[in-house]
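Numbered from 1 within each chain, the chains take letters A, B, ... in sequence-line order.
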There are 2 protein chains.
Amino acid sequence: MESEPRWLDDAEQETWMALAGLLMRLPGALDAQLQRDAGLTHFEYLVISGLSMVPGRTMRMSELAAVAEGSLPRLSQVVSRLEKRGWVRRSPDPDDGRYTLAILTDEGWDKVVATAPGHVAAVRHFVFDPLTKGQQRQLGEIGRRIMRAVAPDDQCPPPRKATS
Amino acid sequence: MESEPRWLDDAEQETWMALAGLLMRLPGALDAQLQRDAGLTHFEYLVISGLSMVPGRTMRMSELAAVAEGSLPRLSQVVSRLEKRGWVRRSPDPDDGRYTLAILTDEGWDKVVATAPGHVAAVRHFVFDPLTKGQQRQLGEIGRRIMRAVAPDDQCPPPRKATS
DNA sequence: CAGTTTAGCTTAATGCTTGAAGTCAGTTTT
DNA sequence: AAAACTGACTTCAAGCATTAAGCTAAACTG
């Protein structure tokens with residue numbers, strides 16, 4: 001039992017409120033854009049967009065789950081939905097039958113191509129346009145620092161070029 | 001149809017990845033702390049903590065929903081759960097029977113008092129400790145700017161003192 | 001080479017959040 | 001003063017996410 005914890009002072013309180021608001025509202029705003037313009041969940045978009053950026057447009061389910069930051073059961077169900085819509089298909093890995101490959105179809109590719117511009121425009125509109133160049137740079141550094149505190153063991157891979 | 005959208009350059013890409021990671025992981029980390037140490041959802045914590053900061057420890061349901069940034073049906077069910085646990089009780093507003101008042105019980109007050117220090121410690125650990133003072137100030141400004149882009153009509157009320 | 005273990009994925013079951021209809025109190029209209 | 005209406009809240013039905021169990025394929029062990 002700590003005697004008396006260090007509460008947030010006024011400046012910290014204000015900063016925290018701003019960040020909390022951002023955490024609450026920004027994901028919803030991005031989700032809404034994707035839902036409205038493309039009929040896609042943000043997670044669904046991460047899945048097909050992740051597949052689109054990899055050579056062969058193919059990834060193992062477990063690998064894809066890590067890229068999209070979701071659990072394996074969740075991915076499994078989402079891929080089933082995407083399969084029904086004709087954007088993804090499954091195939092057992094010829095090299096190792098335990099793995100399942102998720103493969104982006106041509107229709108799925110077209111969907112990504114049709115959806116991505118609107119999404120990056122939304123990101124630009126919500127995140128980059130309101131900020132100065134210096135703030136953009138600061139935001140990157142701030143994000144990385146907080147990420148290290150949240151997931152210390154997680155090595156952020158140097159961002160690979162979009163292989164679209 | 002835009003001919004060719006403005007994609008994110010490398011620096012922007014990196015910034016966006018950092019922010020996206022933050023949006024993905026930070027809420028989960030805070031939720032996990034509350035769940036582990038107090039058996040509370042973040043939303044449940046927002047509800048009882050919101051009540052604890054207001055004179056009389058009483059709020060109308062609709063007002064409370066706005067404070068906790070949740071829908072009215074969601075709040076209704078969460079308050080039902082909190083009622084079962086003995087931390088909140090409901091009462092019709094004597095002034096206007098259409099409103100329902102949510103009232104924090106003494107046990108609920110004790111729960112907030114027992115929970116709050118750990119939560120602010122988690123916020124400090126994840127958000128403030130990794131940052132310099134300057135970055136903390138920048139983060140506040142950045143959050144407010146993005147918030148204005150996401151919810152332009154939303155007037156951020158000047159942060160009222162914690163009336164705990 | 002048979003049996004056991006491990007790993008990847010899927011399926012099933014539980015719980016929570018969202019959207020739509022329903023209820024009730026107070027207000028306005030005729 | 002009765003009837004219709006508005007607003008606040010609750011409840012019901014549906015959808016999605018997490019947890020636990022089940023299944024198949026490969027590898028390890030005796």
Respond yes when some side-chain nitrogen or oxygen of A/R90 is under 4.0 Å from OP1 or OP2 of C/dC9, and no when none is. no
Considering just the side-chain nitrogens and oxygens of A/S62, establish if one lies under 4.0 Å of OP1 or OP2 belonging to C/dA7. no
Proximity to the side chain of [X] - top-ranked nucleotide from [options]:
| X | options | value |
| --- | --- | --- |
| B/M61 | D/dT10, D/dA26, D/dT11 | D/dT10 |
| B/Q77 | D/dT11, C/dG26, C/dG8 | D/dT11 |
| B/L72 | C/dT18, C/dT10, D/dT10 | D/dT10 |
| A/R98 | D/dA25, C/dT17, D/dC9 | D/dA25 |
| B/S76 | D/dT11, C/dT18, C/dT17 | D/dT11 |

Closest-nucleotide 5' rank along DNA chain D - winner of A/D96 and A/R81: A/R81
For A/R74 and A/D93, take the nucleotide of DNA chain D holding the closest heavy atom to each; which residue's nucleotide lies nearer the 5' end? A/R74
Does the pair A/L40 and A/K111 meet the rule for a side-chain contact (heavy atoms from CB on, under 4.5 Å), with working shown? CA-CA 10 Å; A/L40 282 175; A/K111 183 67 181 177; 4.0 Å; yes
Atom-to-atom span, [atom1] of [X] to [atom2] of [N] - whole angstrom:
| X | N | atom1 | atom2 | result |
| --- | --- | --- | --- | --- |
| B/D95 | C/dT27 | CG | P | 11 Å |
| A/E69 | D/dT18 | CD | P | 12 Å |
| B/L101 | D/dA8 | CG | C1' | 12 Å |
| B/F43 | C/dT17 | CZ | C1' | 10 Å |
| B/E63 | D/dG7 | CD | P | 18 Å |
| A/M59 | C/dC9 | CE | P | 12 Å |
| A/Q35 | D/dC16 | CD | P | 9 Å |
| B/H42 | C/dC16 | NE2 | P | 17 Å |

Heavy-atom closest pair (A/A151 atom, B/R25 atom, distance to 0.1 Å) is CB-NH1, 3.9 Å
What does A/P73 touch in the nucleic acid at a heavy-atom separation under 4.0 angstrom: a base, only the sugar-phosphate, or nothing? base
If I take atom CD from residue A/Q135 and atom OG1 from residue B/T15, how far apart are they, to the nearest 0.5 angstrom? 12.0 Å
Does a side chain donor of either A/R90 or A/S80 reach within less than 3.5 Å of an acceptor in the other side chain? yes
So A/H119 and A/Y45, would you call those rings parallel, tilted or perpendicular, with 30° and 60° as cut-offs? tilted
